[in-house]
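Shown next, in C-alpha cells, is the structure this report addresses.
Values reported hereafter were calculated over all heavy atoms of this structure, with side chains retained and with hydrogens, waters and symmetry mates removed. Given the structure is predicted, the values throughout are model-derived calculations rather than measurements.
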Amino acid sequence: MERKFTVEDFGRRVRELRKAQGHSQEGFALTVELDRTYIGGIERGERNPGLKTILRIADALGVSAAELFQEK
C-alpha cells in the first residue's frame, strides 16, 4: 500500500525549507504576512492551509508549490 502525503509531511517540508534558507519562524511569518502562530501550526501539522496560503509560502521560499509536496 502506497503511503499518502499528509498535512504533517507538508509542515515538515515547509520547516525544512525555511530552516535551510536561514529564516526564523517569526521572520518568515512576516515575509509571508501571516501570524507566527499560524506558521507554527502549519509546521506542526495542526493547520491545513488553503491554496492561496500554499502559494504565498512557496513564493516566499522561492520554490514551486509542487516542491512543497515532495518528500526528501
statement: Here the salt bridge (charged side-chain N to carboxylate O under 4.0 Å, His left out) pairs for residues 39-48, sequence neighbours left out, are Arg15-Glu43, Arg18-Glu43, Arg44-Glu46
task: Just grab all the ring-ring contact (aromatic ring centres under 6.0 Å, His included) pairs involving residues 50-72, residues at least two apart or on different chains.
output: Phe5-Phe69, Phe10-Phe69
Name each donor-acceptor pair under 3.5 Å that joins a side chain in residues 49-63 to protein atoms two or more places apart or in another chain, with its distance.
| from | atom 1 | to | atom 2 | distance (Å) |
| --- | --- | --- | --- | --- |
| Arg56 | NE | Val32 | O | 3.2 |
| Arg56 | NH2 | Val32 | O | 2.6 |
| Arg56 | NH2 | Glu33 | O | 2.8 |

message: I need the Leu30 CG to His23 NE2 distance, nearest 0.5 Å.
response: 11.5 Å
Atom pair OG1/CD of Thr31 and Gln21 - distance to nearest 0.5 Å: 10.0 Å
- prompt: Can you name the residues that form a salt bridge (Lys or Arg N to Asp or Glu O under 4.0 Å) with Glu67, not counting sequence neighbours?
  reply: none
Under the side-chain hydrogen bond (donor to acceptor under 3.5 Å, both in side chains) test, residues paired with Thr37 that sit two or more places apart: Asp35
query: Looking at residues at least two apart in the chain, or sitting in another chain, which of them share a ring-ring contact (aromatic ring centres under 6.0 Å, His included) with Tyr38?
result: none
- prompt: Linking Ile, Leu, Val, Met, Phe, Trp and Tyr through side-chain heavy atoms less than 4.5 Å apart, which residues share a cluster with Val7?
  reply: none
- request: State which residues pass salt bridge (Lys or Arg N to Asp or Glu O under 4.0 Å) with Glu16; sequence neighbours excluded, sorted by chain then number.
  value: Arg13
Contacts of Arg36 that satisfy salt bridge (Lys or Arg N to Asp or Glu O under 4.0 Å) - sequence neighbours left out: none
- request: Under the side chain to side chain donor-acceptor pair (under 3.5 Å) rule, what do Ser24 and Glu26 come out as? Steps first, then yes or no, please.
  value: CA-CA 5 Å; Ser24 69; Glu26 187 171 356; 5.9 Å; no
